[in-house]
Chemist: 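Here's a structure for you.
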Amino acid sequence: MHPDTPPYTGLLADAYDLIFDQSDYPAETAHLAELVRTANPAATSLLDVACGPGRHLLGLSEVFPDTAGVDLSERMVALARDRLPERVPVSVGDMRELDLGRRFDAVICLFGSVGYMREPTALNTAVARMAAHLNPGGVLIVEPWHTPAVFEETRIPVTARAADSAMTTLIVQRREGRHGIMDMHHVYARGFEVHTFREVHELGLFTDAEYRASFEAAGLDVRHDGDAPTSSGLYVGAGR
């Protein structure tokens, strides 16, 4: 998938909640809120970059009264707007060109979405743009994608079911240089309609040093939170 093409569009966007249904959103949301409150007990505002259909943002909007989201996919933005309260604005935007005209006490970017930057220069740009939206004393929290050291070439079957839909996915992961390829084959049943489709996602395999360097270049002190309830932990950056 080209980096300028939004992931999870069309039917795949509609099936997103099924694909990621195994995620523990309440635990992840609580941990994120704790990280933000630890960095800034008075924090009231938060921006979710690459917010997807807004499941994290929904929980965080109950903790932080001033929240907003942005995503590259128009369909994801529409789904998030349907899910979230009207007071939570969600807009279409590219994290490499982010310019919302305001700042927040916290900015988050989850589910390894920064991996779609693919190259270190683009990663640096995206982290810098997110950091530029922080208030003094603000915190930037980024969930990385796989590093080269932990990426596995493997096949991952995933099955999920809801009241009126079901999905079976086979993810074939392979490595091409410094990129990880996710070749995703889906069978999605919505009601009695059955759809089959495929998407190929190409993400950058950034090292720990490259993630840390992107935060430091943006003027942030960074640490890795290995206790986070996410598979790759979280990078947490605070202004110097």
Side-chain angles (χ1 to χ4, degrees), residues 3 23 25 27-52 56-57 59-61 63-64 66-72 93-150 178 203-240:
S23 297
Y25 287 95
E28 293 172 10
T29 298
H31 190 79
L32 288 164
E34 182 182 1
L35 287 176
V36 174
R37 290 291 195 213
T38 299
N40 182 357
T44 60
S45 59
L46 179 142
L47 171 66
D48 187 351
V49 178
C51 66
H56 286 106
L57 196 52
L60 290 166
S61 70
V63 179
F64 304 101
D66 180 9
T67 53
V70 62
D71 198 279
L72 186 60
D94 186 326
M95 67 176 75
R96 295 165 297 184
E97 302 170 354
L98 197 62
D99 186 4
L100 300 182
R102 60 158 300 186
R103 293 173 181 254
F104 300 82
D105 297 322
V107 177
I108 65 173
C109 182
L110 305 176
F111 275 171
S113 300
V114 292
Y116 286 99
M117 297 300 95
R118 296 180 59 192
E119 306 299 338
T121 52
L123 173 66
N124 293 344
T125 298
V127 171
R129 290 312 311 150
M130 288 188 277
H133 285 71
L134 290 175
N135 284 325
V139 58
L140 172 62
I141 302 172
V142 174
E143 180 181 353
W145 202 55
H146 303 299
T147 64
V150 303
R178 287 291 309 278
L203 294 87
L205 297 171
F206 303 120
T207 65
D208 174 73
E210 286 170 331
Y211 279 114
R212 291 178 183 274
S214 69
F215 276 73
E216 291 166 0
L220 302 175
D221 290 326
V222 59
R223 66 179 180 87
H224 183 261
D225 173 21
D227 295 327
T230 58
S231 60
S232 300
L234 298 168
Y235 285 99
V236 182
R240 294 170 182 161

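Atoms considered below: every heavy atom in the structure, side chains included; atoms not considered: hydrogens, waters and symmetry mates.
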Chemist: Give me each pair satisfying side-chain hydrogen bond (donor to acceptor under 3.5 Å, both in side chains) with a member in residues 216-226, each pair once, sequence neighbours excluded.
Modeler: His31-Asp225, Asp221-Arg240

Chemist: Rounded to the nearest 0.5 Å, what's the gap from CZ on Phe206 to CE on Met117? Could you check?
Modeler: 8.0 Å

Chemist: Could you tell me whether the side chain of Arg96 and the main chain of Ala126 form a donor-acceptor pair under 3.5 Å?
Modeler: no

Chemist: Looking only at non-hydrogen atoms, find the nearest pair between Val36 and Ala43 and report the distance.
Modeler: CG1-CB, 3.7 Å

Chemist: Quick one: salt bridge (Lys or Arg N to Asp or Glu O under 4.0 Å) partners of Arg37, sequence neighbours excluded?
Modeler: none

Chemist: Are any non-hydrogen side-chain atoms of Leu46 and Leu57 less than 4.5 angstrom apart?
Modeler: yes

Chemist: Determine the minimum heavy-atom distance between Ala27 and Pro229, stating which atoms define it.
Modeler: O-CG, 3.9 Å

Chemist: Does any part of the side chain of Thr207, heavy atoms only, come nearer than 4.5 Å to the side chain of Thr147, both counted from C-beta?
Modeler: no

Chemist: Does the side chain of Leu234 come within less than 4.5 Å of Leu110's, by heavy atoms?
Modeler: yes

Chemist: Using side chain to side chain contact (heavy atoms under 4.5 Å, CB included) as the criterion, list what pairs up with Ser214, not counting sequence neighbours.
Modeler: Leu123, Asn124, Val127

Chemist: Among residues at least two apart in sequence or on other chains, which ones pass side chain to side chain contact (heavy atoms under 4.5 Å, CB included) with Leu205?
Modeler: Trp145, His146, Pro148, Phe151, Arg175

Chemist: Going by the side-chain hydrogen bond (donor to acceptor under 3.5 Å, both in side chains) test, which pairs reach into residues 126-143, not counting sequence neighbours?
Modeler: Asp105-Asn135

Chemist: Who pairs with Tyr235 by side chain to side chain donor-acceptor pair (under 3.5 Å), at least two apart in sequence or on another chain?
Modeler: Asp208

Chemist: Take Val107 and Val49 through the test side chain to side chain contact (heavy atoms under 4.5 Å, CB included) and record every step on the way to the result.
Modeler: CA-CA 7 Å; Val107 177; Val49 178; 3.8 Å; yes

Chemist: Do Tyr116 and Leu203 come within less than 4.5 Å of each other through their side chains, counting heavy atoms only?
Modeler: yes

Chemist: State, to 0.1 Å, how close Val139 and Ala39 come at their nearest heavy-atom pair, and which atoms those are.
Modeler: CB-CB, 4.0 Å

Chemist: So which atom in Gly59 and which in Thr29 form the shortest heavy-atom distance, rounded to 0.1 Å?
Modeler: C-CG2, 3.7 Å

Chemist: Atom CG of Leu60 and atom CG of Leu32: how far apart are they, to the nearest 0.5 Å?
Modeler: 6.0 Å

Chemist: Which pair of heavy atoms, one from Cys109 and one from Met95, lies closest together, and at what distance?
Modeler: SG-CE, 3.9 Å

Chemist: Hey, are the side chains of Met130 and Leu47 touching, using non-hydrogen atoms and a 4.5 Å cut-off?
Modeler: no

Chemist: Asn40 and Gly137: which non-hydrogen atoms are nearest, and at how many Å?
Modeler: CB-O, 3.9 Å

Chemist: My understanding is that only residues two or more places apart in sequence, or in another chain, count here; which of them pass side chain to side chain donor-acceptor pair (under 3.5 Å) with Glu119?
Modeler: His179

Chemist: With sequence neighbours excluded, tell me which residues meet ring pair (Phe, Tyr, Trp, His ring centres under 6.0 Å) with Phe215.
Modeler: none

Chemist: Just how far is it from atom OG of Ser113 to atom CG of Leu72, taken to the nearest 0.5 Å?
Modeler: 10.0 Å

Chemist: Under the salt bridge (Lys or Arg N to Asp or Glu O under 4.0 Å) rule, collect the residues that match up with Arg178, sequence neighbours excluded.
Modeler: Glu210

